[in-house]
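Here is the structure we will look at.
Sequence lines set the chain letters: A, B, ... in the order given, protein chains first and strands last, and positions in each chain run from 1.
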There are 2 protein chains.
Amino acid sequence: MPKTSQAAGLHRASLDKLHDLDAALELMYYGWRGMTLEADDYLARQGLSRPHHRILYVVARRPDIAIGALIEILGISKQALNRPLNLLLERKLLTSKRSPEQHRSKLLRLTVAGQRIEQKASDHERKVMRAAFDRAGVSGAAAWMAVMEAIADNN
Amino acid sequence: MPKTSQAAGLHRASLDKLHDLDAALELMYYGWRGMTLEADDYLARQGLSRPHHRILYVVARRPDIAIGALIEILGISKQALNRPLNLLLERKLLTSKRSPEQHRSKLLRLTVAGQRIEQKASDHERKVMRAAFDRAGVSGAAAWMAVMEAIADNN
DNA sequence: GTATCAAGTCAATATAGTTGACATGAGGGG
DNA sequence: CCCCTCATGTCAACTATATTGACTTGATAC
């Protein structure tokens with residue numbers, strides 16, 4: 001587990017631009033860091049990290065999700081899921097129970113404590129996004145979403 | 001070193017939205033993956049990965065940078081830099097020489113082969129950005145940049 | 001000559017992931 | 001009842017990326 005880290009500021013470096021899109025590449029990098037910095041810091045103070053948050057985030061939005069479906073969404077192996085998932089269960093941030101009829105699969109759910117941590121961590125990220133969107137206005141926010149969708153769906 | 005990986009498609013999961021900014025959080029995540037997917041795949045085929053690309057990217061834009069300055073910009077420890085940097089030197093993608101007067105520091109430079117790989121990897125990322133910007137138009141691209149700057153400078 | 005700076009190296013540790021192999025427990029079909 | 005499959009769980013070995021701490025080497029600077 002990470003110690004109470006201090007989230008190195010890491011100011012954006014000013015590099016010469018060899019291409020006109022270099023600024024965009026760097027903004028994607030620093031944007032991701034900027035959005036997740038405070039959330040990661042909060043999570044570290046709880047003895048958790050990004051993979052734990054991803055699990056909590058998905059389960060919050062898919063109550064009673066089975067483990068297999070969670071693996072699918074997260075895109076990792078069950079062995080990789082195992083450790084962070086067990087920690088969350090031990091800490092009672094998640095519960096798992098077998099459903100009455102489909103007794104083969106386990107259904108995951110957040111506890112109240114799990115909901116609190118998921119919400120606080122995601123709030124840190126949403127706060128950053130909200131501040132940026134407020135500055136950009138409604139049309140700027142919509143344009144940002146449209147560009148990000150085009151990038152995300154590039155596959 | 002990674003094997004010739006196949007870049008798991010990992011289609012965007014459709015999760016219920018608990019907050020109106022959840023879509024933005026997910027777009028940031030999938031946007032980052034979308035931009036870097038092909039570049040990472042290309043790098044893996046060269047036996048390289050993201051840290052190597054970051055080194056090449058910075059040195060390309062700061063020829064004759066010293067190792068200490070590179071550490072600063074990348075925000076990692078010198079021990080963490082050591083392995084990928086030595087690999088790049090062994091592969092002759094980078095050269096290091098001591099300068100005549102400041103004989104204490106080593107100056108890093110890309111070789112022609114290093115330039116080629118840096119350019120190809122970055123081209124994959126720029127290609128994705130260009131396609132998204134083309135769809136969004138000049139004003140959409142400008143809005144995206146403005147929002148990302150606000151997020152990146154959140155610290 | 002001693003202190004300092006830049007770089008290099010060694011060891012131990014943490015985190016985050018992989019593949020492979022195998023166990024367990026439930027349900028279904030013959 | 002036996003056997004197969006599915007969902008889950010677990011063990012082991014491995015890779016990659018990072019960390020901190022301790023120490024060395026070589027080049028200045030005073």
Rounded to whole angstrom units, what separation is found between the [atom1] atom of [X] and the [atom2] atom of [N]?
X        : N      : atom1 : atom2 : value
B/Arg50  : C/dG17 : CZ    : C1'   : 17 Å
A/Lys97  : D/dT8  : NZ    : P     : 15 Å
A/Ile71  : C/dT19 : CD1   : P     : 12 Å
A/Leu94  : D/dT8  : CG    : P     : 14 Å
B/Leu81  : C/dA7  : CG    : P     : 10 Å
A/Arg83  : D/dC14 : CZ    : C1'   : 14 Å
A/Asp40  : D/dT19 : CG    : P     : 14 Å
B/Leu108 : C/dG8  : CG    : P     : 8 Å

Across all chains, not counting sequence neighbours, the salt bridge (Lys or Arg N to Asp or Glu O under 4.0 Å) partners of A/Lys92 are none
Listed pairs, N/O of protein and of nucleotides 9-11 of chain D, under 3.5 Å:
from  : atom 1 : to       : atom 2 : distance (Å)
D/dG9 : OP1    : A/Lys106 : NZ     : 2.3
D/dG9 : N7     : A/Lys78  : NZ     : 3.4
D/dG9 : O6     : A/Lys78  : NZ     : 2.4

Within the structure, does a side-chain N or O atom of B/Ser105 lie under 4.0 Å from either OP1 or OP2 of C/dA6?
-> no
So, is A/Ser77 close to the C/dT18 phosphate, meaning a side-chain N or O under 4.0 Å from OP1 or OP2?
-> yes
Among D/dA18, D/dT17, C/dA16, the one nearest B/Ser49 by side-chain distance | D/dT17
Among side-chain atoms of A/Tyr30 and B/Glu149, is any donor-acceptor pair under 3.5 angstrom?
-> no
Does a donor on one side chain sit under 3.5 Å from an acceptor on the other, for B/His124 and B/Thr36?
-> no
Provide the full list of salt bridge (charged side-chain N to carboxylate O under 4.0 Å, His left out) pairs with a residue in residues 108-120 of chain A, sequence neighbours left out, each pair given once.
-> A/Arg61-A/Glu118, A/Asp64-A/Arg109
Quick one: does [X]'s side chain get under 4.5 Å of [Y]'s, heavy atoms only?
X       : Y       : value
B/Val59 : B/Leu88 : no
B/Leu48 : B/His53 : no
A/Leu25 : A/Met28 : no

